[in-house]
Trainee: 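First the structure, then my questions, so here it is.
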Amino acid sequence: MHSFKKIAAVFALMAVVLTARGDWAYTYSGLAFDVDTSHSGYSACTTLYVDATGDPGSLNATYTMYGTLACGGPNPGYYAVDGSAYFSGNTFNFTVDVGVASKLSCVNMSASTFSGGTCTMYTGASSSPAFVFLL
């Protein structure tokens with residue numbers, strides 16, 4: 001019983017220290033971005049649905065992004081996506097893997113509107129511009 005009290009005290013102290021430092025994660029869920037690209041195999045994809053988890057109290061906050069890219073056309077379905085995002089000054093930047101072979105990267109998007117900037121869809125050495133904005 002005595003060691004249980006010590007362990008409980010250590011966990012309580014860790015919780016206080018971590019809370020004071022701001023080391024906590026927050027998830028922004030249900031984010032939806034309009035996607036428009038002519039990239040081969042993705043021209044019928046229209047919406048990126050993601051959740052982003054990170055520590056908004058950190059000055060160097062990196063968010064983990066995960067979700068799906070919804071596609072219509074003759075073969076409708078979803079591609080799994082996962083990657084990371086970060087804020088830099090007044091810009092928002094992210095890169096997500098799309099399926100197993102492609103990547104969507106957006107840099108210098110407005111941090112207040114989550115639009116603008118430069119977005120590119122990649123598959124191997126092939127790349128195409130993409131237009132992405134928060135719905």
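The model shown is predicted, which means the values in this text are computed figures rather than measured ones.
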Trainee: Please tell me whether Y66 and F33 are part of a single hydrophobic cluster in this structure, the criterion being side-chain heavy atoms less than 4.5 Å apart.
Mentor: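 Different clusters.
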
Trainee: In terms of hydrophobic clustering (I, L, V, M, F, W, Y; side-chain heavy atoms under 4.5 Å; direct or indirect links), are Y49 and V81 co-clustered?
Mentor: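 No; tracing contacts between hydrophobic side chains, which count when under 4.5 Å, never links both residues.
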
Trainee: Do M65 and Y122 belong to the same hydrophobic cluster, where Ile, Leu, Val, Met, Phe, Trp and Tyr are linked whenever their side-chain heavy atoms lie under 4.5 Å apart, directly or via other members?
Mentor: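 Looking at the clustering, Y122 is in a separate group from M65.
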
Trainee: Identify the residue among D97, V96, T123 that makes a side chain to side chain contact (heavy atoms under 4.5 Å, CB included) with S102.
Mentor: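 Going through the options one by one, the only one that passes is T123.
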
Trainee: Taking all atoms of both residues into account, what is the closest heavy-atom pair of Y78 and A70, and its distance?
Mentor: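 What the structure gives for the nearest pair is CE2-CB, 3.5 Å.
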
Trainee: By the definition side chain to side chain contact (heavy atoms under 4.5 Å, CB included), identify the one residue from N90, N93, T118 that meets it with N108.
Mentor: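 Exactly one candidate clears the test, N93.
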
Trainee: Measuring from atom CZ of F133 to atom CG of D34, what distance do you get when rounded to the nearest 0.5 angstrom?
Mentor: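 If we round to the nearest 0.5 Å, F133:CZ and D34:CG are 4.0 Å apart.
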
Trainee: Rounded to the nearest 0.5 Å, how far apart are OG1 of T95 and NZ of K103?
Mentor: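 If I round to the nearest 0.5 Å, the distance is 6.5 Å.
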
Trainee: Is there a path of hydrophobic side-chain contacts, each under 4.5 Å between heavy atoms, that joins F131 and F94?
Mentor: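 Different hydrophobic clusters.
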
Trainee: What about V98 and L31, same hydrophobic cluster or not, with Ile/Leu/Val/Met/Phe/Trp/Tyr joined at side-chain heavy-atom distances under 4.5 Å?
Mentor: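 Yes; L31 is reachable from V98 via cluster members.
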
Trainee: Taking all non-hydrogen atoms of both residues into account, name the closest pair between G73 and P76 and its distance.
Mentor: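 Where G73 meets P76 most closely, the heavy atoms are O-CD, 3.3 Å.
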
Trainee: Between T27 and S29, do the side chains contain a donor N or O and an acceptor N or O under 3.5 Å apart?
Mentor: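 No donor-acceptor contact under 3.5 Å links the two side chains.
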
Trainee: Could you check T47, L69, T46 and say which one makes a side chain to side chain contact (heavy atoms under 4.5 Å, CB included) with V35?
Mentor: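 For V35, the side chain to side chain contact (heavy atoms under 4.5 Å, CB included) check succeeds only for L69.
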
Trainee: Which value, rounded to the nearest 0.5 Å, describes the distance between M121 atom CE and C45 atom SG?
Mentor: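 It comes to 6.5 Å.
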
Trainee: Hey, can you tell me if Y26 and Y28 have their rings parallel, tilted or perpendicular (30° and 60° cut-offs)?
Mentor: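 Ring orientation, 0 to 90° scale: perpendicular.
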
Trainee: Kindly say whether H39 contributes a backbone atom to a donor-acceptor pair with the side chain of T37 at under 3.5 angstrom?
Mentor: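 Yes, the answer is positive, given that a donor and an acceptor are paired below the 3.5 Å cut-off.
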
Trainee: If you take all heavy atoms of A111 and F87, which pair is closest and at what distance?
Mentor: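 Closest approach of A111 to F87, heavy atoms only: CB-CD2, 3.9 Å.
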
Trainee: Check step by step if side-chain hydrogen bond (donor to acceptor under 3.5 Å, both in side chains) holds for T113 and S115.
Mentor: CA-CA 5 Å; T113 63; S115 63; 2.8 Å; yes

Trainee: Between CG of L135 and CG of L48, what distance do you get to the nearest 0.5 Å?
Mentor: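 Answer for the CG-CG pair, L135 versus L48, is 9.5 Å.
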
Trainee: For residues A130 and L104, report the shortest heavy-atom separation together with the two atoms involved.
Mentor: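 The answer is CB-CD1, 3.9 Å.
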
Trainee: Measure the acute angle between the ring planes of Y42 and Y79, then classify it against the limits of 30° and 60° as parallel, tilted or perpendicular.
Mentor: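 Geometry flag for Y79 against Y42: tilted rings.
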
Trainee: How long is the span from the OG1 atom in T91 to the CZ atom in F114, to the nearest 0.5 Å?
Mentor: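 T91 OG1 to F114 CZ: 10.5 Å, rounded to 0.5 Å.
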
Trainee: Side-chain contact, heavy-atom cut-off 4.5 Å: T62 with S84?
Mentor: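 Of all side-chain heavy-atom pairs linking S84 with T62, at least one is under 4.5 Å.
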
